[in-house]
Amino acid sequence: MTYSISDCFMIALAVGFAFGLVYEVLRIVRLILRFKAAVFLCDVVFFILSAFAVFRLSESLGSYVRIYTVLGFGAGVFAYIVTIGRLLNLAESAASLAWRKTIGRLLRNIGKGSQKLFGTIIQKSRAGFVNISKHWKNVQENRSKCLQSKPKMLYNKKRSEKIGEGEEVHVIVAKITRSS
């Protein structure tokens with residue numbers, strides 16, 4: 001079936017106007033993300049999708065791409081952007097700002113809460129770590145202490161208590177000297 005030029009243009013204008021919704025979805029993504037790479041990616045995706053839509057539309061209206069189909073599609077998207085798109089842009093900008101502020105507040109509150117939690121954990125565990133550190137320091141100091149310079153006499157107390165039980169008792173005397 002063949003369509004006249006005006007029919008093709010009007011159909012393309014209506015499809016382009018409806019395709020403005022795709023532009024709105026991508027604009028919402030751009031408003032939320034606000035990164036240069038995201039804006040670039042959304043623009044590229046929009047142009048690829050619109051080229052595909054124009055190609056499919058042209059194939060359904062005839063077997064080749066016509067300039068008035070492309071112009072009608074572009075005019076439809078442009079008409080959407082300057083009419084409904086402007087009204088939705090105001091609402092989307094306000095909603096995006098509120099969303100970013102809400103998310104920002106939420107993230108700040110989560111950050112403050114986690115900061116308090118970890119601060120409390122650190123304060124509570126600090127005393128334990130101080131005790132462990134002191135104990136370890138004492139252990140290290142005791143290991144490195146040299147033997148006293150005076151020799152000490154040690155006796156076998158168990159054997160000295162058995163004196164008088166009828167057995168010959170030997171007392172072991174040990175002398176500790178400092179080694180080099």
Side-chain angles (χ1 to χ4, degrees), residues 1-140:
M1 179 175 195
T2 60
Y3 294 96
S4 68
I5 294 175
S6 61
D7 289 340
C8 288
F9 183 81
M10 292 308 288
I11 292 170
L13 183 74
V15 171
F17 197 82
F19 199 75
L21 293 174
V22 173
Y23 180 78
E24 283 302 318
V25 170
L26 293 173
R27 183 168 33 188
I28 291 170
V29 171
R30 289 169 51 176
L31 285 173
I32 291 173
L33 295 181
R34 294 270 184 182
F35 298 113
K36 287 183 180 181
V39 171
F40 175 75
L41 187 63
C42 286
D43 287 342
V44 169
V45 167
F46 175 74
F47 285 118
I48 289 172
L49 289 176
S50 61
F52 181 72
V54 167
F55 180 73
R56 295 292 294 168
L57 179 65
S58 294
E59 275 189 341
S60 66
L61 295 177
S63 54
Y64 49 89
V65 178
R66 299 178 180 159
I67 189 69
Y68 43 85
T69 307
V70 175
L71 291 177
F73 186 84
V77 172
F78 180 75
Y80 178 85
I81 290 172
V82 297
T83 57
I84 298 173
R86 286 216 174 155
L87 297 174
L88 289 177
N89 190 17
L90 294 173
E92 289 167 0
S93 295
S96 171
L97 181 64
W99 176 258
R100 282 193 311 254
K101 283 187 175 183
T102 304
I103 293 297
R105 286 184 192 130
L106 180 66
L107 292 177
R108 274 193 300 274
N109 289 340
I110 289 172
K112 286 179 184 177
S114 61
Q115 186 178 11
K116 278 184 178 180
L117 174 69
F118 288 117
T120 304
I121 291 171
I122 288 171
Q123 290 298 325
K124 297 292 183 185
S125 63
R126 183 182 227 173
F129 284 119
V130 167
N131 291 339
I132 291 170
S133 173
K134 285 180 182 178
H135 175 71
W136 184 251
K137 186 177 178 183
N138 288 337
V139 166
Q140 292 299 328

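Values below: every heavy atom of this structure, side chains too, minus hydrogens, waters and symmetry copies.
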*Under 6.0 Å between ring centres, would you say that holds for Phe19 and Phe73?*
yes
Ignoring hydrogens, what is the shortest heavy-atom contact between [X] and [Y]? Give both atom names and the distance.
| X | Y | answer |
| --- | --- | --- |
| Val77 | Gly16 | CG2-O, 3.2 Å |
| Tyr68 | Phe9 | O-CD1, 3.4 Å |
| Gly85 | Glu24 | CA-OE2, 3.4 Å |

Under 3.5 Å, side-chain donor or acceptor atoms of residues 35-53 against the rest of the protein: list the pairs with distances, not counting sequence neighbours.
unit_1 : atom_1 : unit_2 : atom_2 : d
Asp43  : OD1    : Arg30  : NH1    : 2.9
Ser50  : OG     : Phe46  : O      : 3.1
Ser50  : OG     : Phe47  : O      : 3.0

*Are any side-chain N or O atoms of Ser58 and backbone N or O atoms of Phe55, one a donor and one an acceptor, separated by less than 3.5 Å?*
no
_Are Arg86 and Leu90 packed together at the side-chain level, in the sense that at least one heavy-atom pair is separated by less than 4.5 angstrom?_
no
*Does the side chain of Asn131 reach to within under 4.5 Å of the side chain of His135, using non-hydrogen atoms?*
no
*Which residue pairs satisfy the side-chain hydrogen bond (donor to acceptor under 3.5 Å, both in side chains) criterion with at least one member in residues 5-21, sequence neighbours excluded?*
Ser4-Ser6, Ser4-Asp7
*Starting from the C-alpha separation in whole Å, work towards a yes-or-no answer on side chain to side chain contact (heavy atoms under 4.5 Å, CB included) for Tyr80 and Leu88.*
CA-CA 10 Å; Tyr80 178 85; Leu88 289 177; 3.4 Å; yes
_Distance in Å, Ile5 CD1 paired with Thr69 OG1, rounded so as to fall on 0.5 Å steps_ = 9.5 Å
*Calculate, to the nearest 0.5 Å, the distance between atoms OG and CG belonging to Ser133 and Asn138 respectively.*
9.5 Å
Which atom pairs, donor and acceptor, lie under 3.5 Å between side-chain atoms of residues 102-119 and protein residues at least two apart or in another chain?
unit_1 : atom_1 : unit_2 : atom_2 : d
Thr102 : OG1    : Ala98  : O      : 2.7
Asn109 : ND2    : Arg105 : O      : 3.4
Ser114 : OG     : Ile110 : O      : 3.1
Ser114 : OG     : Gly111 : O      : 3.0

_Counting only heavy atoms from other residues, nucleotides and ligands, does the tally under 6.0 Å from CZ of Phe78 exceed 12?_
no
